[in-house]
Amino acid sequence: MGRRRAFDEDEVVRAAVGLFGGRAYDGVSVDDLVTHLGVHRNSLYKTFGSKRGLYLVALRRHLADDLRPLAEKLAAATDSATVLRLVSSADLGLLLLAVVERAPADEEVAAEVTAALASLDQAIADALDISTELAAALTAAALGLRLRGNPDGAAVALTQHLDPLN
């Protein structure tokens, strides 16, 4: 008979979201996972199969816990300024890192992030009564502002130019 797990899988996955979201997949070693998550190496492999296995579980958790509620809030937005504010204030670190680091090299990650971004696009399109193509451009602009840190009040300037969408 095997030993009982000495860790809470849900807590480990939540902590992994933070770790991968702050340092990216390639920036986190198995030793880092063992140290920061408090899970023995054998337990990590037995539970998640591999570092990639844990990463996929963490990414899916991030999308469920952070992106799905964001899409719901976006669906209730009444103007482009609200859309930009919601996206720019959301915790999207793991999504952004997954898009630039893992999606180009991992088809499974690419499928997850593509579906997540499409859900944001659709929520924005429905809320603002615009095409999904225009909503995708607004999503891209909002995520770009996140990546750039909103230099020189770019979100305010962009919102002023987007007023005709409302």
Side-chain angles (χ1 to χ4, degrees), residues 5 7-75 77 83-127 130-151 154-155:
R5 244 184 234 160
F7 64 92
D8 182 327
E9 187 174 330
D10 190 55
E11 288 178 19
V12 167
V13 172
R14 275 192 221 136
V17 168
L19 196 57
F20 286 124
R23 293 176 34 196
Y25 181 84
D26 288 336
V28 177
S29 68
V30 174
D31 287 337
D32 292 333
L33 292 170
V34 168
T35 300
H36 288 89
L37 303 180
V39 176
H40 190 275
R41 182 180 304 269
N42 290 339
S43 296
L44 185 132
Y45 284 112
K46 184 175 180 180
T47 304
F48 302 105
S50 64
K51 173 183 158 181
R52 181 180 178 274
L54 175 56
Y55 177 82
L56 288 170
V57 171
L59 177 62
R60 290 179 181 125
R61 169 66 59 83
H62 172 59
L63 299 178
D65 289 355
D66 299 316
L67 268 288
R68 198 169 295 138
L70 174 60
E72 291 169 5
K73 290 176 186 175
L74 289 169
V83 166
L84 290 173
R85 183 182 51 75
L86 287 169
V87 173
S88 65
S89 65
D91 178 10
L92 302 177
L94 183 50
L95 172 69
L96 293 171
L97 289 170
V99 167
V100 299
E101 181 195 34
R102 297 304 307 156
D106 187 322
E107 290 181 18
E108 199 168 355
V109 172
E112 294 285 347
V113 299
T114 298
L117 292 172
S119 73
L120 296 181
D121 298 342
Q122 191 61 57
I124 293 168
D126 292 346
I130 59 177
S131 70
T132 52
E133 292 80 14
L134 186 54
L138 188 55
T139 301
L143 292 174
L145 290 171
R146 290 278 318 223
L147 290 172
R148 294 188 66 179
N150 191 21

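For clarity, every value in this text was computed on a predicted model and none was experimentally measured.
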Report summary line: Residues at least two apart in sequence or cross-chain that pass side chain to side chain contact (heavy atoms under 4.5 Å, CB included) with Arg23, listed by chain then number, are Leu19, Val28, Asp32, His36
**Report entry** Spacing of OH belonging to Tyr55 relative to CG belonging to Leu33, to within rounding of 0.5 Å
**Finding:** 12.5 Å
Query raised in the report: Rounded to the nearest 0.5 Å, how far does CD of Gln122 lie from CG of Asp126?
Result: 4.5 Å
**Report entry** Lys73 atom NZ, neighbour heavy-atom count above 12 within 6.0 Å
**Finding:** no
Report task. Please assess Val87 against Leu145 for the test side chain to side chain contact (heavy atoms under 4.5 Å, CB included), listing each intermediate value before the final yes or no. Result -> CA-CA 9 Å; Val87 173; Leu145 290 171; over 6 Å; no
Report summary line: Smallest heavy-atom separation, Ala58 atom then Val17 atom, equals O-CG2, 3.2 Å
Query - Set of residues satisfying side chain to side chain contact (heavy atoms under 4.5 Å, CB included) with respect to Val99, sequence neighbours excluded - result: Leu95, Val113, Leu117
Query raised in the report: What is the minimum heavy-atom distance between Asp121 and Thr132, and which atoms define it?
Result: CB-O, 4.4 Å
Query raised in the report: Looking only at heavy atoms, which two atoms of Ala127 and Ala75 are closest? And how far apart?
Result: CB-O, 3.4 Å
Query - Salt-bridge present (Arg52, Asp106; N to O < 4.0 Å) - result: yes
**Report entry** salt_bridge(Arg60, Glu108) N-O dist < 4.0 Å
**Finding:** yes
Report task. Report yes if some heavy atom in the side chain of Val34 is under 4.5 Å from a heavy atom in the side chain of Val39; otherwise report no. Result -> no
Requested in this report: Specify the closest pair of heavy atoms between Ala103 and Ala110, including all atoms of both residues, with the distance to one decimal.
Outcome: O-CB, 3.5 Å
Requested in this report: Rounded to the nearest 0.5 Å, what's the gap from CG on Asp8 to CZ on Arg14? Could you check?
Outcome: 7.5 Å
**Report entry** pair Leu54-Leu37: side-chain heavy atoms closer than 4.5 Å
**Finding:** yes
Query raised in the report: Donor-acceptor pair, Thr47 side chain versus Leu44 backbone, under 3.5 Å?
Result: no
Report task. Measure from the side-chain N and O atoms of Glu101 to the backbone N and O of Asp26, and report whether any donor-acceptor pair falls under 3.5 Å. Result -> yes
Report summary line: Rounded to the nearest 0.5 Å, the CG atom of Leu120 sits from the CZ atom of Arg68 at a distance of 11.5 Å
Query raised in the report: Taking the inter-plane angle between the rings of Tyr25 and Phe20 on a 0 to 90° scale, is it parallel (under 30°), tilted (30 to 60°) or perpendicular (over 60°)?
Result: parallel
Report summary line: Smallest heavy-atom separation, Pro69 atom then Ala64 atom, equals CD-O, 3.4 Å
Query - From Leu56 atom CG to Ser50 atom OG, the distance as rounded to the nearest 0.5 Å - result: 7.5 Å
Query raised in the report: Between Arg61 and Asp66, is there a side-chain N and carboxylate O pair less than 4.0 Å apart?
Result: no
Report summary line: Residues Leu97 and Gly21: closest non-hydrogen pair is CD1-O, 3.2 Å
Query raised in the report: Say you draw a straight line from CG of Leu70 to OG of Ser89; how long is it, rounded to the nearest 0.5 Å?
Result: 8.0 Å
